[in-house]
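Throughout, numbering of the chain's residues begins at 1 and tracks the sequence. Note: hydrogens, waters and symmetry copies are ignored here, and every other heavy atom, side chains too, is used.
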Amino acid sequence: MMLLTVSLLLLLVSPSLGAPLTGPRTRPRNKLLLISFDGFRWDYDRDVDTPNLDAMARDGVKAAYMTPPFLTITSPSHFTLLTGRYIENHGVIHNMWFNTTTQEKKQYYMAQFVDEYWDNGSLPIWITAQRQGLKAGSYHFPGTAATYQGERVQVSEVEPRFYDYSNETEWRMNIDTVVGTWLGEQGLDFVSLYFGEPDVTGHKYGPDSPERREMVKQVDRTVGYVRTAVQKHGLADRLNIIITADHGMTTVLRNGLVQEIILSQIPGFSFRDVQFHLLDYGPTGMMLPKEGMLDKVYNALKGGHPNLHVYKKEDMPGRLHYSKHPRILPLILICDPGYVLNGLLPVQYSKGEHGYDNSFMDMKPFFRAVGPDFHKNLVVGPFESVSLYPLMCHLLGITPQINDGSLDDTRQMLASTEDKGTSGDSRSVQSNVFTGLAAAAGFLVAVGTVVTVHSTCKRRKDRLKSKEDIFEDTKETSPQTSF
């Protein structure tokens, strides 16, 4: 009786009586293509007809916008996409490499080849994927030229020094290489692909110009070409595509509309008190004052212009995550939106700029995603770009490095939240436990039933036999009665 009771209790806690024991469920690993269109602001599709981007949103996921890291410029923001780390943590703190002792500076392109600048402890997703058995490639993406802990991305293409980032014919050739050859013929699992527009056009003509709108149309045609190429090479059912950008763009205020910020004209400030500076490069700058001059320089610049904000490194707002790295210089200067930072004289003539506070809406980039692992026709809220890295690792089924993002910020985009790879999650383990209990309960019930029936039959048989024996004994010992 006790055995039957235990069996029934097990049945009550198990929802699936008799289910077979199975291993953890796994999902197939699909390929991933990450595309960045430099400087594509979150709202660039609002004043331009973009049928291909619209179709991608219907077929997949569109985010309201993405929040980039501060500093909102190309190399640092792209390395955040690749590592999931804030800039103060991954150490690529500017487009320019510099040496404060020798006064040497290297512009964006040449800085791509300085290994020690990029290889600063944070591994880009290419290297992590390769170390876990996948094949990765990168085409023109910032950081592609560098070596990380002795390892480079397996398949790569670095643009020549004076590359035309706006050539649509070149764009299509690059897509044919990435989709047809790398992802198709060579079987790569992950590729990052970079386009330098509409950033170049936004700088030159401004984000509100007709030239920028025409470039957005070119971007849209290119998105259509990517998706056609994917269909052509039979990859649509096993390739996820993420298209985003590093930052946005805003209009520079000039032509007598504002008072220019020119540091040499601020009373009490002198470049003689500065050992090294990084200025005349958009709306932000850094300074290393000479020994003993930090407070003097800081006090002279602070309040020197109503649209200039000056911080000691340790006093930077924590939300910007731009203070802890040793490469960041002791003084940081940030302009209000629309202003640029000039040193001795105004030397910047761009009509559009980025590099401002990442809370400014014009700095937010766009986001689209489509593929077998994404929902269809889904619009989600904004998220930080640091959270794109854990999403990509999840899609590729690889274990991420330490990062500042969270898969919880993007999980709602996924058609299924099951883990990929070889091991199930805790829900799978619990399911297997209940399945095992159910099977055990079924077995115990069956055994209990057999034992109970057998015992009952045996007792009944023994009672019948006992009555028969008594009846026979009575016949032998009792006298016969006559009438």
Participant: Of all heavy-atom pairs between Leu81 and Ala245, which one has the smallest distance, and what is that distance?
Facilitator: CD1-O, 4.2 Å
Participant: Pairs of donor and acceptor atoms involving the side chains of residues 184-192, under 3.5 Å and at least two apart or interchain, shall be tabulated with distances.
Facilitator:
| from | atom 1 | to | atom 2 | distance (Å) |
| --- | --- | --- | --- | --- |
| Asp189 | OD2 | Lys135 | N | 2.8 |
| Ser192 | OG | Trp126 | NE1 | 2.9 |
| Ser192 | OG | Ser138 | OG | 2.8 |

Participant: Would Lys62 and Asp45 pass as an ion pair if we require N to O under 4.0 Å?
Facilitator: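 Looking at Lys62 and Asp45, the cut-off is met.
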Participant: Which residues pass the ring-ring contact (aromatic ring centres under 6.0 Å, His included) test with Tyr139, sequence neighbours left out?
Facilitator: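 Checked Tyr139 against ring-ring contact (aromatic ring centres under 6.0 Å, His included); matches are Trp182.
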Participant: If I take atom CZ from residue Phe195 and atom CD1 from residue Ile35, how far apart are they, to the nearest 0.5 angstrom?
Facilitator: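 CD1 of Ile35 is found 6.0 Å from CZ of Phe195.
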Participant: NZ of Lys217 to CZ of Arg212: how many Å apart, nearest 0.5 Å?
Facilitator: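 Those atoms lie 10.5 Å apart.
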Participant: So which heavy atom on Gly355 is nearest to which on Phe70, and how close?
Facilitator: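 That closest heavy-atom pairing would be O-CE1, 3.8 Å.
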Participant: So, for Arg238 and Gly234, which heavy atoms are closest and what is the spacing to 0.1 Å?
Facilitator: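 Nearest pair, atom of Arg238 first, then Gly234: NE-O, 3.7 Å.
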Participant: For Ile398 versus Ile125, what's the shortest heavy-atom pair and its separation?
Facilitator: CD1-CG1, 4.2 Å
Participant: How close do Thr399 and Thr128 get, counting heavy atoms only, and between which atoms?
Facilitator: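 Taking every non-hydrogen atom into account, O-CG2, 3.5 Å.
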Participant: Ignoring hydrogens and geometry, is there a side-chain-to-backbone donor-acceptor pair from Asp246 to Gly39 under 3.5 Å?
Facilitator: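 Indeed, once roles are kept as given, a pair shorter than 3.5 Å links the two residues.
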Participant: Mind checking side-chain hydrogen bond (donor to acceptor under 3.5 Å, both in side chains) for Asp336 and listing every partner two or more places apart, or none if nothing turns up?
Facilitator: Asn307, His309
Participant: Crowded around Asp237 CG? As in, over 12 foreign heavy atoms under 6.0 Å?
Facilitator: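 Not more than 12 within 6.0 Å, no.
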Participant: For His90, enumerate each residue passing the ring-ring contact (aromatic ring centres under 6.0 Å, His included) test, keeping only those at least two apart in sequence or located in another chain.
Facilitator: Phe79
Participant: Using side chain to side chain contact (heavy atoms under 4.5 Å, CB included) as the criterion, list what pairs up with Arg319, not counting sequence neighbours.
Facilitator: Pro317, Asp357, Asn358, Ser359
Participant: Let me confirm one number: the CE-OG1 distance from Met249 to Thr72, rounded to the nearest 0.5 Å.
Facilitator: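 So the CE of Met249 and the OG1 of Thr72 are separated by 10.0 Å.
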Participant: Exactly one of Tyr65, Trp42, Tyr44, Phe40 should register a ring-ring contact (aromatic ring centres under 6.0 Å, His included) with Phe366. Which one does?
Facilitator: Phe40
Participant: Treating Gln112 as the side-chain partner and Gly143 as the backbone partner, does any N or O pair qualify as donor plus acceptor under 3.5 Å?
Facilitator: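 Confirmed, Gln112 side chain pairs with Gly143 backbone.
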Participant: My understanding is that only residues two or more places apart in sequence, or in another chain, count here; which of them pass side chain to side chain contact (heavy atoms under 4.5 Å, CB included) with Asp49?
Facilitator: Pro51
Participant: What is the distance from atom CE of Met286 to atom OH of Tyr281, rounded to the nearest 0.5 Å?
Facilitator: 11.5 Å
Participant: Are the side chain of Glu88 and the backbone N or O of Lys324 linked by a donor-acceptor pair below 3.5 Å?
Facilitator: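 Yes: the side chain of Glu88 pairs with the backbone of Lys324.
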Participant: Tell me, which pairs form a side-chain hydrogen bond (donor to acceptor under 3.5 Å, both in side chains) where one or both residues lie in residues 221-230, sequence neighbours left out?
Facilitator: Asp59-Arg227, Glu168-Arg221, Asp176-Tyr225
Participant: Looking at Lys290 and Asp273, is there a salt bridge between them, counting it only when a charged N and a carboxylate O are closer than 4.0 Å?
Facilitator: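 Salt bridge between Asp273 and Lys290, a charged N being under 4.0 Å from a carboxylate O: no.
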Participant: Is Asn95 reaching over with its side chain to a backbone N or O of Ser75, donor-acceptor style, under 3.5 angstrom?
Facilitator: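 At least one qualifying donor-acceptor pair exists.
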Participant: Checking side chain to side chain donor-acceptor pair (under 3.5 Å) for the pair Thr74/Asp38: CA distance, chi angles, key distance, verdict?
Facilitator: CA-CA 7 Å; Thr74 300; Asp38 197 317; 3.2 Å; yes
Participant: Checking the side chain of Ser209 only, and the main-chain atoms of Gly206 only, is there a donor and an acceptor separated by less than 3.5 Å?
Facilitator: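 Present.
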Participant: Test your reading of the model: is there a side-chain donor-acceptor pair from Ser323 to the backbone of Met316, 3.5 Å cut-off?
Facilitator: no
Participant: Residues in side-chain hydrogen bond (donor to acceptor under 3.5 Å, both in side chains) with Asp43, at least two apart?
Facilitator: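 Checked Asp43 against side-chain hydrogen bond (donor to acceptor under 3.5 Å, both in side chains); matches are Arg41.
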Participant: Check whether any side-chain N or O of Asn240 sits under 3.5 Å from a backbone N or O of Leu32 as a donor-acceptor pair, and report yes or no.
Facilitator: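 Checked: no pair found.
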Participant: With a cut-off of 6.0 Å (strictly less than), are more than 12 heavy atoms of other residues, nucleotides or ligands near CE of Met173?
Facilitator: no
Participant: With a 3.5 Å distance limit and no angle check, can you tell me whether Thr147 reaches the backbone of Arg152 through a side-chain donor-acceptor pair?
Facilitator: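 Between the backbone of Arg152 and the side chain of Thr147 there is no qualifying donor-acceptor contact (under 3.5 Å).
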Participant: Please name all residues satisfying ring-ring contact (aromatic ring centres under 6.0 Å, His included) with His277, sequence neighbours left out, ordered by chain then number.
Facilitator: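 With neighbours one apart ignored, the set is Phe271.
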Participant: Quick check: does any side chain N or O of Asp220 sit under 3.5 Å from a backbone N or O of Leu53, one acting as donor and the other as acceptor?
Facilitator: yes
Participant: State which residues pass ring-ring contact (aromatic ring centres under 6.0 Å, His included) with Phe276; sequence neighbours excluded, sorted by chain then number.
Facilitator: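 Testing Phe276 for ring-ring contact (aromatic ring centres under 6.0 Å, His included), a comparison that skips the adjacent residues, returns Phe98.
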Participant: For Phe367 and Phe383: C-alpha separation, side-chain torsions, deciding distance, then whether ring-ring contact (aromatic ring centres under 6.0 Å, His included) applies.
Facilitator: CA-CA 10 Å; Phe367 177 90; Phe383 63 95; 5.2 Å; yes
Participant: Does Glu291, at its CD atom, have more than 12 non-hydrogen atoms belonging to other residues, nucleotides or ligands within less than 6.0 Å?
Facilitator: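 Atom CD in Glu291 is not packed in, count stays at 12 or less.
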Participant: Salt bridge check: are Lys312 and Asp315 linked by an N-O gap of less than 4.0 Å?
Facilitator: no
Participant: Which atoms form the tightest heavy-atom contact between Ile328 and Lys313, and what is the distance?
Facilitator: O-NZ, 2.9 Å
Participant: How would you list all residue pairs meeting salt bridge (charged side-chain N to carboxylate O under 4.0 Å, His left out) that involve residues 89-118, not counting sequence neighbours?
Facilitator: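 As it turns out, there is no salt bridge (charged side-chain N to carboxylate O under 4.0 Å, His left out) pair with a partner in residues 89-118 once direct neighbours are skipped.
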Participant: Could you state the interatomic distance from CG (Asn403) to OG1 (Thr83), rounded to the nearest 0.5 Å?
Facilitator: 8.0 Å
Participant: Taking atom OH of Tyr205 and atom CD of Glu211, what is their separation to the nearest 0.5 Å?
Facilitator: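 Between Tyr205 OH and Glu211 CD, I get 5.5 Å after rounding to 0.5 Å.
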Participant: Please answer whether the main-chain N or O of Gln154 pairs with a side-chain N or O of Gln130 as donor and acceptor at a distance below 3.5 Å.
Facilitator: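 Such a contact is found between Gln130 side chain and Gln154 backbone.
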Participant: His140: which residues meet the side chain to side chain contact (heavy atoms under 4.5 Å, CB included) condition with it, sequence neighbours left out?
Facilitator: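 Once residues adjacent in sequence are excluded, the partners of His140 under the side chain to side chain contact (heavy atoms under 4.5 Å, CB included) criterion are Glu157, Glu159, Tyr163, Asn174, Tyr194.
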